[in-house]
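Report on the structure given below.
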Number of protein chains: 2
Amino acid sequence: MENTPRGNRLHIAIFGRRNAGKSSLINALTSQDIAVVSNIPGTTTDPVYKAMEILPVGPVVIIDTAGIDDSGDLGELRVKRSMDVLNKADMVLLVIDAGSGVTDYELKIARRCQEKKLPVVVVFNKIDAHHVTEQQIEEAKTQLAGPTVVVSALNGQGIGDLKIAIVNTAPATWDDQAIVGDLLNPGDTAVLVVPIDSAAPKGRLILPQVQTIRDILDHDAMAYVAKESELKECIANFIKKPKMVITDSQAFREVEKDTPEDILLTSFSILFARYKGDLETLVAGAKAIERLKPGDKVLISEACTHHRMEDDIGTVKIPRWLRQVVGGDLEFHWSSGHRFPEDLSDYKLVVHCGACMVNRREMLSRIMQVQQVGVPIVNYGVCIAFVMGILRRALSPFPTIQQMLNDKK
Amino acid sequence: MENTPRGNRLHIAIFGRRNAGKSSLINALTSQDIAVVSNIPGTTTDPVYKAMEILPVGPVVIIDTAGIDDSGDLGELRVKRSMDVLNKADMVLLVIDAGSGVTDYELKIARRCQEKKLPVVVVFNKIDAHHVTEQQIEEAKTQLAGPTVVVSALNGQGIGDLKIAIVNTAPATWDDQAIVGDLLNPGDTAVLVVPIDSAAPKGRLILPQVQTIRDILDHDAMAYVAKESELKECIANFIKKPKMVITDSQAFREVEKDTPEDILLTSFSILFARYKGDLETLVAGAKAIERLKPGDKVLISEACTHHRMEDDIGTVKIPRWLRQVVGGDLEFHWSSGHRFPEDLSDYKLVVHCGACMVNRREMLSRIMQVQQVGVPIVNYGVCIAFVMGILRRALSPFPTIQQMLNDKK
């Protein structure tokens, strides 16, 4: 993710009057202290672009407008500079001091955002010190035309809700996360191992395989598609070695044997865990499997209601594998559809489906809901890779995340 | 096609009493004289399996039962041998002398076919000598539970209708024509050139590309997918050269430059002309373009009614290209949907769509309808390859058909 080109990152502009708490909000969102600026009013009127990571939203560029117009005065030059920022932003956080409420300044910014069709999230900050009424929230929603969140940048209250609001409000194009192409250089080859067994649909490939091929082409790289039985021959036939092998999880063991150590190896499931969600959070969730004890409550959650097959993955296979790892029984609960059970805090782990029927935005939003109550979350693909003992090798394209498996805790 | 394994060929068993004209019917269907047997009643009771080509149906195995039970006597041993044949057949032609009509023999065979769920086509032969009434046909249809065709194996009358009936009655599995896999050996690589332009759907590949990849895997070969800009680099990176390059027609010229002469080169359109119809007939149709004169009537026929786009291929582009080749205007007619215009005989050429929405069976049936009135037929893909001047090279995997382009007439 550290290599995400700046152009692909979600650009979030933060507007607000002086003392609304823009800088401390940035710190709270990114859990970093680098946005802190001096308390002396800014002497520059240029916005500052900061490439950051908001977990689990992913890489963003925060456009910090502290210094431009936070006096609340939208004079000629300052209007112009605000407009420049709006031209570069994908969305806007409009930060309001809960003690002051909405003023002309916020109304003007919101109007300009509407003209530019830029989504806005309204943030009432400092709720540690001031109370915000339901009526104030409803008024702000209407006047400023955006979802409204109440937070305390100081103590972190509401920051999880704000992240969810960011994910849900970000423009649809922001979903354009690469599947694998960002890990390849132009001209590189990825070998895709596609087993043809009785589960393969007749006459075609399954959608994740097709999406992966297309993503590779979109990044000026090449896709070599072969069955596991041809893989050895395939790799031996290269002058310049392929950069990566991507396999169906079922064939992982066999493919691992035929893939030299100097070639990256991963699975479609791992790539789609990243594409559809947040790989780092899900791998942290997999590590929580080791800490499970007999009797612990585990929630298995599917985003859609599908026809359960015999030996169903969610109701039969995953419970069986988890029991084997734990060495005893667990208390499984199941949920499906858009909503989680009311109270998640009792669970020691949430195991979520691969999210094939929902988009990245929805999956991230669900991940964040679980994170908010401090419960680890893993998805089917990462969970299966973990219990099969292939997760470490399958994370080879992601060394930072792979390293997490070595960490204590 | 000469390499079609026997197991993939449609197996057609021909039953009928002595003198019903089984052997001459085989000759008429295959336009070959090899089925002719002596007029002396057969001394063997073994059926004869003959691998043949019925144009444009394709490769078949005719199971010639002359000698088994054509006395009309279904004694114990002969019943057993008939059953053996039915176990190996995909469908049955039940040949009846139009002068004799339906007897117990035909009823028994038809009943056994029904038990085995084998489709039957009833053929009244010798209509050059005997008249068959509508009532006889209707009775035969009901009694023998199959479509009924009247033919003269002697003068060829009705043989076209019989071929259409064969195509329409053959079991669905017979559609399992390979796209390209039968042209590759296990372990071979085919390079697929997939341009990513504005016409490419977002995030995926088009179905023919996916089907081709799958077909290659099904034949234990490998598919190397690249854009045209990466092709040169891709080919240079092989130790053992790829067997074939398959490209989108639009990129053909560019791809041709980057594909060495010793690698076969074709297009998805050519492969699908073969997969969905009969390549030989369609190439013969392309040759007819050279014989068109200004003022000639050309029918452009689409199997489905789709939304016409600006610069539509059927109504704008193909007429433009054909006018350019002919050097003058042509009289274009258009048809769409399941039926052709009543009278096709006035047309000098039928240009048919790629049949993406209909199956091979339907497309073959349409090709044969046009052939019956002696009008050449070409499809969009082969037509475009011809007018673009790339047809010869694109036929490199099919040397026999490629040779047709050199032939006079």
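Below, chains carry the letters A, B, ... as their sequence lines are ordered, and counting in each starts from 1.
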Inset, instruction - Step by step, work out the side chain to side chain contact (heavy atoms under 4.5 Å, CB included) result for A/Leu217 and B/Leu205. - result: CA-CA 10 Å; A/Leu217 297 178; B/Leu205 305 176; 4.1 Å; yes
Legend entry - Part of residues 187-195 of chain A lying next to chain B, heavy-atom separation under 4.5 Å: A/Gly187, A/Thr189, A/Val194
Legend entry - salt bridge (Lys or Arg N to Asp or Glu O under 4.0 Å) partners of B/Glu228, counting only residues at least two apart: none
Legend entry - Beyond-backbone contact of B/Val225 with A/Met222, side-chain heavy atoms, under 4.5 angstrom: no
Legend entry - Beyond-backbone contact of B/Ile213 with A/Val210, side-chain heavy atoms, under 4.5 angstrom: no
Legend entry - Gap separating the CD atom of A/Gln211 from the NZ atom of B/Lys202, nearest 0.5 angstrom: 10.0 Å
Inset, instruction - Can you check whether anything in residues 257-273 of chain A gets within less than 4.5 Å of chain B, heavy-atom wise, and list it by number? - result: none
Legend entry - Per-residue contacts, residues 238-254 of chain B versus chain A, heavy atoms under 4.5 Å: B/Phe238, B/Ile239, B/Lys240
Inset, instruction - Heavy atoms only, distances under 4.5 angstrom: which of A/Gly203, A/Pro186, A/Ala226, A/Ala223 has the most pairs with chain B? Name it, please. - result: A/Ala223
Inset, instruction - Starting at NZ of B/Lys227, measure out to CG of A/Asp220 and round the result to the nearest 0.5 Å. - result: 3.5 Å
Inset, instruction - State whether the side chain of B/Arg214 and the backbone N or O of A/Ile196 hold a donor-acceptor pair below 3.5 Å, judged by distance alone. - result: no
Legend entry - Contacting moiety of A/Asp215, where chain B heavy atoms sit under 4.5 Å: neither
